[in-house]
Structure formats: C-alpha cells, structure tokens
**Q** 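Let me give you the structure first, and then I'll get to my questions.
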Amino acid sequence: MKCIESIKEFDGYLSRYTHDSIVCDCEMTFSVFMPMQAKSHKVPSLYWLSGLTCNDDNARVKAGAQRYAAEQGIALIFPDTSPRGELVEDRDDRYDLGQGAGFYVNATQEPWKINYQMFDYISYELPALVENILALIPDAKSISGHSMGGHGALICALKNPTNFRSVSAFAPICNPVKSAWGKSCFSEYLGDDSQVWRQYDATCLVEDGAKLTNILIDQGLADEFYNDKQLLPENFETACEQEGQKLNLRLHEGYDHSYHFISTFIGEHITYHANALKNSIKNMDIMKLGF
C-alpha cells in the first residue's frame, strides 16, 4: 500500500493510495479521509461506492462528505469503480461496461473474470487492507454509494449483513435484472442465466429473504435515469413492503442525478451512519465488559 497523495482538510487528511490487489489481479487506487480523531484512537469507517464512469476522485471532490465525517469522527473510504490498467479488459465503445463500470459483481465470464472481482474487493480485500494498516475499528464500518455505487452498497450489505452496520444510497440501480444497464452488463459479466443475476440485484435479494436493520435511499424526481426506468426504486420498495424489510425511501422534487443532489443530503446520510456506527461501538464495548 503506497501513499501517492496527502492533503490536509478539516484538521484531518485526505490521502490517496495504490496497492496490488490479489482478487482483481492488478494495481488498484483508492482514497481515504482520516479525521483528526484518528490521531488519538481508532475510528469507524464509511465506504462510498461511486457510479458509472467515476473513480475514487469524484466523490471526494464533489460530495462534500469530509466536513461531516470530520465532525462525526468517521473515516471515509473511496474505492475505485473497477480494475484498471493496460492489461485490464475494457470496451472503448461503451461507457457502461469495462473500466469505470465494474458493477460491483464477481464476473464469471471471459474475458472479465480475470480482473472484475469487485464484490470481493469491496467486501473483503480492501477492508482487510485498510483496517490492518490504518487506525480503523474492524467491526465498525458502513457503506453508501451513488447510482451503480448505490447498487453496489445495497448488494454488499444485503449479501453480508454482518459486514456493514448500516447502508444508504443515492439514486441506486435497485433492480438491474429489469433495467437496460443491468441486463446488458450482467449478461457480459455473469452469463446468460438470469437466475444467476439475482444474487447481485438488491430487489431480488430482498425477495429471496435477505434482511437488514434499515435502509436509507434518496431519489431525485428530476433524475433522467429514474425517468428512463434504469433505477426502479419502486420495485425495491414493493419487495421491502412484501418481505417486511424496513426502508426509508425519500423522493425529492426537482433534484437530478448529479452531485448537486448528493451534496445537498450527504450530511444527513453521514449522521445516519454515524449513529449506527456509534451504537455498534457501544455494543462492542459492552460485550468486552462481559455484560
């Protein structure tokens, strides 16, 4: 793990790292905001997964999350959205497939399966790396994301409910097996069997019995991808209602798909995760005391 950049902000540091990923079989880049509280003790963490065409730089520059994370004493982890490099498969003719568009799945099809193991990277490899080296509490992490990253946050939490203490999303792709983006990319990454796709679809996971304590989603009603039926939050809402999954789906008039929308509500999401993380830390302390 090599630090290639470090910038002081809000009395903490925003740093960028590279490392050799075992699961993705290439060099990966990610960023971390460490609040000033990390100077004296370990802190909880929030993972932010970005959307199509993005990398680790988009959210750390545009979302405005560091201010709120500094106030709450939470580290922010900004992974990349896919493996990258000259030897990593890509499609120059498509923005929604290949580099910048990993969809946070473990690809099973050639030529993608060599590098595109983003689910394992986000769920296991990256947390193990940063928790081992940085001052982070291993069992106190949450996850959030935007668009394709919102989809990633939902499936990572639903498939591993003990890994993340809370989950939220902005304009997530909620039902990719029924959206044009999902059908196109899942067939490339996972093959033609749509039953296999269900394991990486938040709506299907809830329908099949996956459960979390709570889920927070914000969706703008002027979002072009919402209106083009790419995101389908109503399908996810219906599944949650039918299966008794608690969901706070907030619809916002006039907001689009951009970081203007995200930056408006990111503080509320940070507070939501901070409360869940602080409760988990409190419970861990009680367990350590033997109560």
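Just so it is clear, the values below take in all heavy atoms, side chains as well, and ignore hydrogens, waters and symmetry mates. Counting from 1, the numbers follow the sequence of the chain as shown.
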**Q** Could you tell me whether Asp96 and Arg94 make a salt bridge, using a distance below 4.0 angstrom between a side-chain N and a carboxylate O?
**A**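 Answer for the salt bridge query: yes.
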**Q** Quick check: closest heavy atoms across Ala38 and Ala135, and the distance to 0.1 Å?
**A**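 Ala38 and Ala135 have their closest heavy atoms at O-CB, 4.1 Å.
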**Q** Is it the case that one hydrophobic cluster holds both Ile22 and Ile122, taking links as side-chain heavy atoms less than 4.5 Å apart, direct or via other members?
**A**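 No.
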**Q** Please check if any side-chain donor atom of Ser144 sits under 3.5 Å from a side-chain acceptor atom of Ser168, or the reverse.
**A** yes
**Q** Is Gln72 close to Thr271 at the side-chain level, that is, under 4.5 Å between some pair of heavy atoms?
**A** yes
**Q** From Glu125 CD over to Met118 CE, what is the distance, rounded to the nearest 0.5 angstrom?
**A** 10.0 Å
**Q** Just by distance, with hydrogens left out, do Asn214 and Asn248 show a side-chain donor and acceptor under 3.5 Å apart?
**A**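 No donor-acceptor contact under 3.5 Å links the two side chains.
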**Q** Checking the side chain of Asn279 only, and the main-chain atoms of Asn275 only, is there a donor and an acceptor separated by less than 3.5 Å?
**A**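 Such a contact is found between Asn279 side chain and Asn275 backbone.
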**Q** Please say yes or no: joined through hydrophobic side-chain contacts below 4.5 Å, possibly via intermediate residues, are Leu97 and Val177 part of one cluster?
**A**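 Yes; Val177 is reachable from Leu97 via cluster members.
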**Q** Please check: side-chain N/O of Asp25 versus main-chain N/O of Ile114, any donor-acceptor pairing under 3.5 Å?
**A** no
**Q** Would you find a donor on one side and an acceptor on the other, under 3.5 Å apart, between the side chain of Asp20 and the backbone of Glu27?
**A** no
**Q** Start with the C-alpha gap between Ser50 and Tyr259, add the side-chain angles, then the distance that decides, and say whether side-chain contact (heavy atoms from CB on, under 4.5 Å) holds.
**A** CA-CA 11 Å; Ser50 290; Tyr259 271 89; 3.7 Å; yes
**Q** Donor-acceptor check, side chain of His151 to backbone of Phe103, threshold 3.5 angstrom: yes or no?
**A**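 Pair found, side chain donor or acceptor close to backbone of Phe103.
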**Q** Is there a donor-acceptor pair closer than 3.5 Å between any side-chain N or O of Ser184 and the backbone N or O of Ala180?
**A**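 Between the backbone of Ala180 and the side chain of Ser184 there is no qualifying donor-acceptor contact (under 3.5 Å).
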**Q** Begin with the C-alpha distance, continue with both residues' side-chain angles, and end with the deciding distance and a verdict on side-chain contact (heavy atoms from CB on, under 4.5 Å) for Ile155 and Asp201.
**A** CA-CA 7 Å; Ile155 64 168; Asp201 181 302; 5.9 Å; no
**Q** With a 6.0 Å cut-off (strictly less than), is the heavy-atom count around CD of Glu253, excluding the residue itself, greater than 12?
**A** no
**Q** Measure from the ring center of His252 to the ring center of Phe265 and say whether it is less than 6.0 Å.
**A** yes
**Q** Answer yes or no: is there a donor N or O on one side and an acceptor on the other, between the side chain of Asn55 and the main chain of Asp57, under 3.5 Å?
**A** yes
**Q** Do the ring centers of His146 and Phe261 come within less than 6.0 Å of each other?
**A** no
**Q** Shortest non-hydrogen contact from Gln117 to Ala107?
**A**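 Closest pair (atom of Gln117, atom of Ala107, distance): NE2-O, 2.8 Å.
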**Q** To the closest 0.5 Å, what do you measure between OG (Ser15) and NZ (Lys8)?
**A** 12.5 Å
**Q** Compare all side-chain heavy atoms of Ile173 with those of Trp181 and state whether any distance is below 4.5 angstrom.
**A** yes
**Q** Does a side-chain N-to-carboxylate-O contact under 4.0 Å join Lys211 and Glu243?
**A**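 A salt bridge is absent here (no side-chain N lies under 4.0 Å from a carboxylate O).
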**Q** Tell me whether Ile270 is reachable from Tyr272 by hopping between hydrophobic residues (I, L, V, M, F, W, Y) whose side-chain heavy atoms are closer than 4.5 Å.
**A** no
**Q** Tell me whether Phe186 is reachable from Leu154 by hopping between hydrophobic residues (I, L, V, M, F, W, Y) whose side-chain heavy atoms are closer than 4.5 Å.
**A**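 Yes; Phe186 is reachable from Leu154 via cluster members.
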**Q** If you measure from the Lys or Arg side-chain nitrogens to the Asp or Glu carboxylate oxygens, is any gap between Glu5 and Arg60 under 4.0 Å?
**A** yes
**Q** Can you find a pair of side-chain heavy atoms, one from Phe30 and one from Met1, that are under 4.5 Å apart?
**A** yes
**Q** With rounding to the nearest 0.5 Å, note down the distance linking CZ in Arg84 to SG in Cys24.
**A**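 Interatomic distance, Arg84 CZ to Cys24 SG, rounded to 0.5 Å: 11.5 Å.
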**Q** How far apart are the closest heavy atoms of Asp192 and Ser187, and which atoms are they?
**A**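 That closest heavy-atom pairing would be OD1-CB, 4.2 Å.
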**Q** How close do Met28 and Ser82 get, counting heavy atoms only, and between which atoms?
**A**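 Shortest heavy-atom contact: CE-O, 3.6 Å.
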**Q** Below 6.0 angstrom between ring centroids: does that apply to His269 and Tyr68?
**A** no
**Q** Any ion pair linking Arg67 and Glu9 (charged N to carboxylate O, less than 4.0 Å)?
**A**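 No, Glu9 and Arg67 are not salt-bridged.
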**Q** Under 6.0 Å from the CD1 atom of Ile4, do we count more than 12 heavy atoms belonging to anything else shown?
**A** yes
**Q** Between Arg198 and Glu207 (salt bridge meaning N to carboxylate O under 4.0 Å), is one present in this structure?
**A** yes
**Q** Is there side-chain contact between Tyr47 and Val130, with heavy atoms separated by less than 4.5 Å?
**A** yes
**Q** Tell me whether Gln219 contacts the main-chain N or O of Leu249 through its side chain, where contact means a donor paired with an acceptor under 3.5 Å.
**A**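 Absent.
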**Q** Is there a side-chain contact (heavy atoms from CB on, under 4.5 Å) between Tyr17 and Leu129 once you walk through the steps?
**A** CA-CA 11 Å; Tyr17 298 91; Leu129 176 70; over 6 Å; no
**Q** Tell me, do Arg250 and Ile217 make a side-chain contact under 4.5 Å, heavy atoms counted?
**A** no
**Q** Closest approach of Val167 and Ala157, non-hydrogen atoms and distance?
**A** CB-CB, 3.8 Å
**Q** How long is the span from the CG atom in Leu232 to the CG atom in Asn175, to the nearest 0.5 Å?
**A**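 Those atoms lie 5.5 Å apart.
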**Q** Could you tell me which residues satisfy side-chain contact (heavy atoms from CB on, under 4.5 Å) with Tyr124, sequence neighbours excluded, listed by chain and number?
**A**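 Here the qualifying residues are Phe119, Asp120, Asn160, Asn163.
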**Q** Between Glu89 and Gly98, is there a donor-acceptor pair closer than 3.5 Å when you use the side chain of the first and the backbone of the second?
**A** no
**Q** Could you tell me whether the side chain of Val43 reaches within less than 4.5 Å of the side chain of Ile137, counting heavy atoms only?
**A** no
**Q** Is the backbone of Cys174 close enough, under 3.5 Å, to the side chain of Thr203 for a donor and an acceptor to pair up by distance?
**A**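 Judged by distance alone, yes, a pair lies under 3.5 Å.
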**Q** What residue among Leu126, Leu46, Ile143, Leu49 forms side-chain contact (heavy atoms from CB on, under 4.5 Å) with Ile77?
**A**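 For Ile77, the side-chain contact (heavy atoms from CB on, under 4.5 Å) test succeeds with only one of Leu126, Leu46, Ile143, Leu49, which is Leu126.
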**Q** Within the 4.5 Å heavy-atom criterion, are Thr213 and Lys246 side-chain neighbours or not?
**A** no
**Q** Do Met34 and Ile7 sit in the same hydrophobic cluster, where Ile, Leu, Val, Met, Phe, Trp and Tyr count as joined when their side-chain heavy atoms come under 4.5 Å apart?
**A**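 No.
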**Q** Mind listing the closest non-hydrogen atom pair of Asp139 and Arg165 along with its distance?
**A**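 That closest heavy-atom pairing would be O-NE, 2.8 Å.
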**Q** Under 3.5 Å, is there a donor-acceptor pair linking the side chains of Asp56 and Ser31?
**A** yes
**Q** Report the distance from atom NE2 of His257 to atom CG of Leu231, rounding to the nearest 0.5 Å.
**A**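 His257 atom NE2 to Leu231 atom CG measures 6.0 Å (nearest 0.5 Å).
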**Q** Can you confirm whether or not the ring centre of Tyr189 sits under 6.0 Å from the ring centre of Tyr116?
**A**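 Between Tyr116 and Tyr189, which both carry aromatic rings, the centre distance is below 6.0 Å.
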**Q** Checking Glu234 against Tyr226: is there a side-chain donor and acceptor pair closer than 3.5 Å?
**A**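 Judged by distance alone, the side chains do pair up.
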**Q** Is the number of heavy atoms from other residues, nucleotides or ligands within 6.0 Å of NZ (Lys278) greater than 12?
**A** yes
**Q** Let's go through His260 and Lys62 carefully: what are the C-alpha distance in whole Å and the side-chain angles of both, what is the deciding distance for side-chain contact (heavy atoms from CB on, under 4.5 Å) to 0.1 Å, and is it a yes or a no?
**A** CA-CA 8 Å; His260 298 289; Lys62 297 179 180 179; over 6 Å; no
**Q** So, do Tyr255 and Asp223 sit near enough that their side-chain heavy atoms are less than 4.5 Å apart?
**A**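 With C-beta onward as the side chain, the pair stays apart.
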**Q** Measure the OG-CG distance between Ser142 and Leu277 for me, rounded to the nearest 0.5 Å.
**A** 3.5 Å
**Q** Do the side chain of Gln242 and the main chain of Ala239 share a donor and acceptor less than 3.5 angstrom apart?
**A** no
